[in-house]
Protein chains: 2
Amino acid sequence: MKKTGQATINDVARLAGVSKKTVSRVINRSPLLNDETRDRVEKVIAEIGYVPNPQARALALRRNFLIGLIHDNPNPHMVLNVQQGLLEVLRDTEFELIVHPVDRGAPTMLDDIKRFVERQRPFGVMLLPPISDNDSLAALCRDNGVRYVRMGSAQFDEPLHMVASNDREVVCSAVGHLIEAGHRRIGLVLGPHGFRSALERRRGYEDALDRADITLQRTLVAQGDYTFESGMRAAERLLDLSPRPTAVFCSNDAMAAGVLHTARQRGLDVPRDLSIVGFDDTSIASHLWPPLTTVRWPIATMARAAALKLIGEDDEDSGESLFVSTLIRRASVAAPLE
Amino acid sequence: MKKTGQATINDVARLAGVSKKTVSRVINRSPLLNDETRDRVEKVIAEIGYVPNPQARALALRRNFLIGLIHDNPNPHMVLNVQQGLLEVLRDTEFELIVHPVDRGAPTMLDDIKRFVERQRPFGVMLLPPISDNDSLAALCRDNGVRYVRMGSAQFDEPLHMVASNDREVVCSAVGHLIEAGHRRIGLVLGPHGFRSALERRRGYEDALDRADITLQRTLVAQGDYTFESGMRAAERLLDLSPRPTAVFCSNDAMAAGVLHTARQRGLDVPRDLSIVGFDDTSIASHLWPPLTTVRWPIATMARAAALKLIGEDDEDSGESLFVSTLIRRASVAAPLE
DNA sequence: TTGTATGCGTTATCAT
DNA sequence: ATGATAACGCATACAA
């Protein structure tokens, strides 16, 4: 055989008494093939344990069998869950996952991704928030014939290219949960400017107040940037207010943990003096004291769906593109004191 | 030019008035090259923005310019930090990171990795704990001419193939810290059986007791498996003891958080009634209440060093292979009451 | 120091 | 339905 020890398509062809092209057809499931020939080739393939060489395929097809994960390192919890979901589908396929983080903010970001796409020629790429917002990235993929799926807090692309969560709706019901418990002065800690998720969650908060005929008070809205520290800062401002809010919805768990931290430093009891709701259901949420009421969105499920869209046949149904989040009720919410 | 729009080595050769081979020599920094020729070729390369096609190189060289990250999904914090460190070095190189998780426990693990290595033919792979222990994996890489670096809690391979932390030593000093504070009954929550890290940390604990002439009591040692829940279970057993331990060293932060949780459920005050020390310095450690005294190991630094070993020139010094961890003192440790 | 011919393992073209 | 031959883009052996 070969010196490398790896069987090639030539070995298969020779042993099966057919041409390379025929073997190639078997591998690529060409429909116009004699069943008998196909069987014979497949038997040889199984016998010698032949697997096509990905590098040669990539060269000939001008397309790699890799799925790229492009992200701007938002929260680690999300990135890892996405990887896990993706890999669950990719495992046992010929695809591998290639991780390519970028620096949103850097002016070279688009060039960087362009180089990545043009050089690696991945089969498809998954775009994570917040950069999934970026329409030029989607266009870049389309122009290069690279499949893509965008993950986001709302549907801003065709179902084939989108896995979205219903942030606005679920936040509305989360804040509604606080209102039902009797709260009227409900603080909001925003996510960072320019993040679609921050916008959607803010809208959900406003929807809930609207629905309950509560006037939106701008002083109750504090800026945050999804970090623990920004949660602390927001809490310092919010808890200085008089009257104090009796509850706070935080646009993610890390900030909720920061709010909790600051509240405790001030001698406040959670949830007696302050109810807190987070978003993400990261592991910290359930391990905090008290355990945090929060929103869980099905990241891994969305990633699995995305993987299927990325590697699926062209003629297949593209599957779900909207995924519902759920409110996880824990001990950080109670009725207000007064 | 070509229909794909991408310049090839042929374009460069034609424009520079040399042969493909000469261009190839320039790319691969062949020493025997006329400086003038080199300059001319390099100018053309820069002009048309030529970049070698990775797929073609991979085919010709029988080796991909990819770095594989093989892991068994230990803790997310670690995996992500490793990725970050690796990618910091890989960014702006021709290498990309390909993530390949496996299932320790599955009998097919070795086959799975073997297939991965033989098919993808990565330039090098990084082996994360706990599977980095596995010598057959290292042998597999060696046999296939794939570079590898193992990450571990002790040095169990040559420096070229190893980035190790000094778990035993730092745990000894962490437990020593508790002893200096006045503790004598110090509990230990172990990591899972078969994990090298668990073993090293246990040894560190034993060293510290030894050094202080404290007799090791088996009842003070509780089994854990690095999860929050196992920390809770361990605490339940340990806190039932009479006399109770006044301090507990936990082999990671997640278990420390579990111990803290259970202690609080029992109405114990931390650190007054119980001092707790963790390991890892995950983000949860500093966000807990009280903030957790823990051990920080330089994961990202180790990953960067590993990346350099993986892509470095053969004749280069292999760099550091031992990395020191440090004790981060926070509020979860105090002198015992009695 | 540089060029020519050939190989890497697969797919595509165009026959038959 | 199948096969011969030429890409794909780069590297290596061997010449010159």
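- Rounded to an integer number of Å, the gap from CD1 of A:Ile9 to P of C:dC8 is 14 Å.
- The base of C:dT10 is paired with the side chain of A:Lys20 by a donor and an acceptor separated by under 3.5 Å.
- Within the 4.0 angstrom heavy-atom criterion, only backbone atoms of the sugar-phosphate kind lie near B:Val18; the bases stay farther away.
- A:Leu61 places its CG atom 11 Å from the P atom of C:dT13, with the value rounded to the nearest Å.
- Atoms CG (A:Asn64) and P (C:dT11) sit 13 Å apart, rounded to a whole Å.
- Aromatic ring orientation, A:His100 versus A:Phe116: parallel (interplanar angle below 30°, classes split at 30° and 60°).
- Between B:Thr22 and C:dG3 there is a side-chain polar atom (N or O) within less than 4.0 angstrom of OP1 or OP2.
- Following rounding to the nearest Å, A:Gln55 (CD) and C:dG9 (C1') show an atom-to-atom distance of 10 Å.
- For C:dT11, one of the phosphate oxygens OP1 or OP2 lies less than 4.0 angstrom from a side-chain nitrogen or oxygen of A:Arg57.
- The aromatic rings of A:Phe95 and A:Phe123 stand perpendicular to each other, their planes meeting at an angle above 60°, with 30° marking the opposite boundary.
- With values rounded to the nearest 0.5 angstrom, A:Met151 atom CE is found 5.0 Å from A:Met126 atom CE.
- In this structure, B:Asp35 and B:Ala60 both approach DNA chain C, and ranking their closest nucleotides by distance from the 5' end singles out B:Asp35.
- The listed nucleotides are D:dA4, C:dT10, C:dC8; the one nearest the side chain of A:Ser19 is D:dA4.
- Rounded to an integer number of Å, the gap from CG of B:Asn34 to P of C:dG3 is 11 Å.
- There is no side-chain donor-acceptor pair under 3.5 Å between A:Arg119 and A:Asn64.
- In this structure, CZ of A:Arg25 is placed 8 Å from C1' of D:dA1, rounded to the nearest angstrom.
- As a whole-Å value, the separation of A:Asn53 CG from D:dC10 C1' is 14 Å.
- Note on ring orientation: taking the six-membered ring where Trp is involved, the planes of B:Tyr226 and B:Phe195 are perpendicular (angle over 60°, cut-offs 30° and 60°).
- The shortest distance between the side-chain N/O atoms of A:Thr37 and the OP1/OP2 oxygens of D:dT2 is below 4.0 Å.
- Residue B:Ser24 places none of its side-chain N or O atoms closer than 4.0 Å to OP1 or OP2 of D:dC10.
- Nucleotide D:dC10 holds its P atom 7 Å from the CG atom of B:Asn10, rounded to whole Å.
- Within 3.5 Å, a donor on the side chain of A:Lys21 pairs with an acceptor on the base of C:dA12, or the reverse.
- Heavy atoms of A:Leu59 sit under 4.0 angstrom from at least one base atom.
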